[in-house]
Every structure is written in structure tokens, then in C-alpha cells.
> 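I have a structure here, written as C-alpha cells, and I will follow up with some questions on it.
These numbers were taken from a predicted model, which means no experiment stands behind them.
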Amino acid sequence: MTTANDRPADHGGLPRSAGILLHPTSLPGPHGTGDLGAAAYRFVDMLQAARQSIWQMMPLGPVGLGNSPYSARSAFAGAPLLISLETLVERGWLASGDLAGPAFPPDMVQFWDAEQFKLDRLRRAFARFEQAAGGDDRAALATFLTHHASWLDDFGLFLALKDVHQQSSWTDWDRPLTLREPDAIATARRHLADDIRFHTWVQWVFFDQWTAVRHYANERGITIVGDIPIFVALDSADVWVHQRLFKMDQHARPTVVAGVPPDAFSATGQRWGNPVYDWERVADEGYRWWLDRFRATLELVDTVRLDHFRGFVAYWEVPAAEETAINGTWVPGPGKALFDALAADQGPIPMIVEDLGVITPDVDALREALAFPGMKVLQFAFGDDAALRVPKGKNPYLPHNFTSDCVVYTGTHDNNTSVGWLASLNDGERASVLHYLGTDGSHIAWDLIRLAHQSVAAVAVAPLQDLLELGGEARMNLPGRTDDNWGWRYSEGMIQPWHVEWLAYLTAATARWQAPEEEAETPAEDIAKTE
């Protein structure tokens with residue numbers, strides 16, 4: 001079978017191809033969240049049948065504040081929430097009766113309840129592993145612990161200490177632990193050895209299950225695209241362990257935090273609150289933490305989507321005492337030096353960079369110098385050119401202004417669904433959209449998917465919600481909202497054969513999939529009947 005990876009690459013190093021954006025928590029499943037069990041394999045099968053070459057997702061780490069995958073407890077670890085308990089039954093570490101529990105609603109992730117349910121079952125499974133695991137499993141665990149020791153030992157201690165401190169932030173622990181004084185750390189390691197081993201075992205289980213899903217996808221011509229957020233959460237093992245790499249005071253409190261400045265969309269900007277890197281010190285250490293981070297991410301995914309690329313040129317730094325982002329300043333980032341170090345250490349890395357919003361010429365210049373494909377979002381194509389600071393008619397998100405070195409999306413995890421987006425527009429904006437597309441809007445999500453596929457962009461990606469033509473109730477995230485984000489899930493039966501058939505034909509018709517000679521093409525008139 002010919003896959004996208006077998007075909008010549010367009011400018012930017014990406015083959016002409018297509019994919020679906022879906023985080024694994026949005027998969028169907030019985031325990032309050034999607035996981036890496038049978039539904040993940042069925043989703044891969046669907047992607048293959050629909051002639052998709054890409055499964056894009058958000059960071060796979062253990063979620064923290066606000067349940068956001070962009071605010072994880074570790075930039076290296078995997079989320080226990082995603083572990084399939086059914087797979088642990090198959091391994092003999094749980095009994096089928098252990099899976100009995102509350103009837104979780106199927107349409108939304110139940111983050112807290114699902115995590116507590118799973119952690120209880122994982123502790124049962126760990127106890128059975130310790131009692132009865134075979135030699136091969138014990139050897140595999142030992143190899144994993146050694147391979148990941150650079151971050152895993154400290155992460156296990158971090159979680160064990162959070163258990164002791166009722167999940168409070170490390171900045172609120174006793175000062176010796178907060179500042180990682182050697183005697184305090186050594187004592188904690190001794191006293192919490194069993195809990196540390198449990199948390200590191202959980203990571204082995206996650207990596208084992210995820211590796212199996214990834215291999216299954218790769219064998220079917222599906223590339224995994226995953227995220228590296230530029231910033232990390234304050235309450236993370238990364239900041240606790242590497243405090244010297246961040247701008248913090250002697251009490252381990254951030255002196256400045258990250259955000260974005262006021263613009264046409266927000267009079268006060270956005271105060272994200274993430275600690276800011278001390279890039280001078282990071283550079284003095286040869287960017288080692290960042291190199292390790294990329295290497296670890298590429299053990300989980302095939303292609304990196306680098307979030308907030310403009311922050312590597314210059315980022316908005318806000319005094320920590322400020323309640324809004326108004327009084328911030330632009331501060332130079334590491335620029336090309338970081339990426340030169342990365343290339344010297346690891347060679348070429350398949351990378352897509354998130355270059356959305358108001359992008360200055362120096363950001364474009366760095367992206368072009370590095371030959372990284374950028375992003376285009378069709379929902380941004382019909383807004384106010386003045387807000388984007390571009391001449392009238394030069395909106396970079398309009399397909400006729402594309403170059404091929406980009407990835408086009410109908411929308412991202414931060415956008416409304418296409419159906420919800422169209423419904424939110426005023427009459428003039430709606431008329432502009434419908435006129436450009438030559439449509440009545442009754443199938444706006446499919447119209448935008450078709451437009452993305454027909455464009456010159458190397459890669460076209462649509463959220464699953466758009467393939468299913470779902471409304472605003474299926475939105476994944478509303479930036480600035482602190483609750484009720486990240487929870488959407490689809491149910492078994494929502495993806496129908498006509499969804500798969502329509503997407504498969506469109507993908508082949510727009511040269512984003514090269515069919516094997518022996519495979520008969522589906523006639524266009526048959527597909528049209530499903531629209």
C-alpha cells in the first residue's frame with residue numbers, strides 16, 4: 001500500500017497528505033475518559049479506511065490545572081488517565097471484577113472521578129505485578145526505568161510528595177523540599193520508596209500501551225503528530241527539579257510570567273501565568289533540558305507541532321504581581337541558537353510550528369530560515385484584516401494566499417467547531433464566508449474540509465468534530481475560560497460509513513492519497529449521495 005510517506009515531499013518537507021485532529025481522551029470508553037484500549041485501534045482503522053495519513057493530538061502528559069494538556073505535571077511523562085484497564089485485565093494484573101464501578105456519562109471526560117477510579121485500579125494492578133510478574137515483564141520494567149532515569153526518578157518522587165501533601169503545589173511544601181535540599185530529598189526518597197516505584201511503574205504501563213498504539217498506526221501508514229508547548233506549568237516536576245532554568249526568586253516564586261499582549265480581541269491581553277525561562281542560563285547549559293525534551297517527545301510521536309513559535313523569537317513577559325497582561329514587555333527568546341543546537345544534537349526533526357495570530361517579520365524570517373512549515377486556520381480567513389495587521393485582501397489564512405509550506409486546518413482545539421463558528425458570525429461575516437465558498441452553509445464543516453483539501457497546503461487537517469458536522473456543544477477549548485474545557489468525547493456509532501467514504505474519496509481526489517493500482521476508486525456520484 002502506498003502511503004503519504006512514500007510520496008515526494010512538498011516544500012517544507014511534508015508530503016501532500018491529510019489527517020484528523022483528535023485527542024485520545026475524546027475516544028469512546030467505559031471509565032470516564034477515552035484511553036489506549038480497543039477504541040484507539042478502531043480509530044486508527046477508521047483513519048486508514050478514510051485514507052488519512054496523520055493522527056494529530058495534543059500533549060499526552062498528565063493534566064494539571066484546569067485539566068489542560070498544555071498545563072501538565074511533566075513535559076516528559078504520560079497521562080495515567082489514558083491507560084486502558086481492559087488491557088491490564090488481559091495482562092492478568094486486574095480481574096474483570098475490578099472494572100466494576102460507577103456508570104460514567106459517555107459524552108464528556110470526567111477528569112477527577114476517572115482519575116481517582118483509575119488510580120485505585122492501577123494500585124491493585126501494581127500490587128499483583130509485584131507479587132506475580134514474570135521475568136520478562138520485570139526485565140522490561142527495569143530497562144524502562146534505566147532508560148528514562150534522567151526524568152523519571154524525580155517525577156516519581158514529585159508525585160509521591162504531592163500524595164503526601166494532598167496534591168498541593170510544590171511551592172507550598174516545607175522549604176527544604178521546595179528548594180530540594182539534598183538531605184530532605186534523600187530522606188523523602190527513603191520514606192516514599194514504595195510510592196515512587198508505583199508511580200514509575202504507571203509510567204512504564206503508559207509507555208507500553210502507547211507504543212503499541214503508535215506502532216499499530218505506523219504499520220498502517222498513519223503518522224502521529226504531537227505537541228510541544230513552549231511553556232510548562234509552575235506546578236510541574238520540570239520547574240521543581242530545574243528551578244535554576246526559570247526566572248524565580250529565592251523563595252522559588254516566579255518573578256515574571258508568560259502571556260500575550262492586549263490586541264483587538266482582548267483589551268487586557270492574556271496572562272497565562274507560566275514561569276518564564278532564563279534563556280541565558282538555558283543557553284549556558286547547552287540547551288540540554290530542551291534537547292532532552294525533544295528527544296523524549298520523539299519517543300512518543302513522529303512529528304512535532306511546536307506551540308507558540310513566535311515566543312522563541314520574542315515572548316511577552318508580565319510581572320508576576322500583575323493581574324492582567326497589560327503591563328508586560330517583549331523580551332528576546334533564544335532564536336535560531338536553540339534550533340541550531342537541536343539540529344547538531346539530533347539532526348533534522350519533522351516539525352510543524354504554530355505561527356498563528358499577529359506574526360511579525362522576524363518570526364516569519366526565522367521559520368523560513370529553518371524551513372519549518374507553519375499553520376493556516378480557515379476560520380481566521382474571514383475576519384478583520386486590520387486586526388491581523390495585513391493589507392486588505394492579504395489575509396494569510398485565505399487559501400488563495402497560501403504557499404505549499406504549511407498545514408491548513410478548518411479549526412484547532414482552541415477554535416469553535418466549524419458549525420458553531422458559522423452560527424456565531426454576524427450577517428455580514430456569514431455572507432462573506434458563504435460567498436467565498438459558493439455554498440448555502442448547510443454543510444459548512446464539509447465545505448471547509450473540502451476547501452482545505454483542495455488548497456496547495458502540504459497537509460490538510462480537520463478536527464473530528466468537523467467531519468461529524470457537530471455544533472458548538474462539541475468545542476474542545478475556549479481560551480480564557482477556566483472551567484468546562486477539554487472534555488468533549490465522541491460515542492460509538494457517531495462515525496458512520498458515509499463519513500469515512502466521503503473523506504476517503506475527497507482525500508484521493510485532491511492528491512492527498514495515492515491509491516494502489518489494484519484499488520478501485522469510488523465513483524464520485526456514489527459519494528455525492530452521502531452528502
> Sorted by first residue and then second, give each side-chain hydrogen bond (donor to acceptor under 3.5 Å, both in side chains) pair with at least one member in residues 198-214; sequence neighbours left out.
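As it turns out, the side-chain hydrogen bond (donor to acceptor under 3.5 Å, both in side chains) pairs with a partner in residues 198-214, which skip direct neighbours, are R91-D208, D163-H199, R214-D302.
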
> Can you tell whether the side chains of E130 and R197 come within less than 4.0 Å, N to carboxylate O?
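Salt bridge flag = yes for R197 with E130.
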
> Looking at F76, I'd like to know if the NZ or CZ of R293 sits under 6.0 Å from its six-membered ring centre while staying within 45 degrees of the ring's axis.
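No, a cation-pi geometry is absent between R293 and F76.
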
> Near R281 CZ, under 6.0 Å, is it more than 12 heavy atoms from other residues, nucleotides or ligands?
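At most 12 heavy atoms, drawn from other residues, nucleotides or ligands, come within 6.0 Å of this atom.
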
> V377 and G411: which non-hydrogen atoms are nearest, and at how many Å?
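Scanning both residues completely, I find the closest heavy atoms to be CG1-CA, 4.0 Å.
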
> Near D194 CG, under 6.0 Å, is it more than 12 heavy atoms from other residues, nucleotides or ligands?
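Not buried by this count: 12 neighbours or fewer within 6.0 Å.
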
> Taking the cut-offs as 6.0 angstrom to the six-membered ring centre and 45 degrees off its axis, would you call R180 and W240 a cation-pi pair?
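That pair qualifies as a cation-pi contact.
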
> For the aromatic rings, using the six-membered ring if either is Trp, is the centroid distance between H308 and W272 under 6.0 Å?
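Yes.
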
> Please report the C-alpha distance between T360 and D362 in whole Å, then the side-chain angles of each, then the deciding distance to 0.1 Å, and finally whether the side-chain hydrogen bond (donor to acceptor under 3.5 Å, both in side chains) criterion is met.
CA-CA 6 Å; T360 50; D362 53 350; 2.4 Å; yes

> Under a 3.5 Å threshold, yes or no: a donor from one side chain and an acceptor from the other, between Y70 and D227?
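There is such a pair (donor and acceptor under 3.5 Å, judged by atom type) between the side chains of Y70 and D227.
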
> Under 6.0 Å between the ring centres of F111 and W486?
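F111 vs W486: aromatic centres not under 6.0 Å.
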
> With a 4.0 Å cut-off, would you call E181 and R175 a salt bridge?
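Not counted as a salt bridge, because no side-chain N and carboxylate O are separated by less than 4.0 Å.
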
> Could you walk me through whether L245 and R288 pass side chain to side chain contact (heavy atoms under 4.5 Å, CB included), step by step?
CA-CA 11 Å; L245 300 181; R288 178 52 50 192; over 6 Å; no

> Assess R310 against W330: is NZ or CZ under 6.0 Å from the centre of the six-membered ring, and within 45 degrees of the ring's axis?
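Geometry flag: set, cation within 6.0 Å and 45°.
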
> Using the test ring pair (Phe, Tyr, Trp, His ring centres under 6.0 Å), find all partners of H165 that sit at least two apart in sequence or belong to another chain.
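Partners of H165 under the ring pair (Phe, Tyr, Trp, His ring centres under 6.0 Å) test: W173.
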
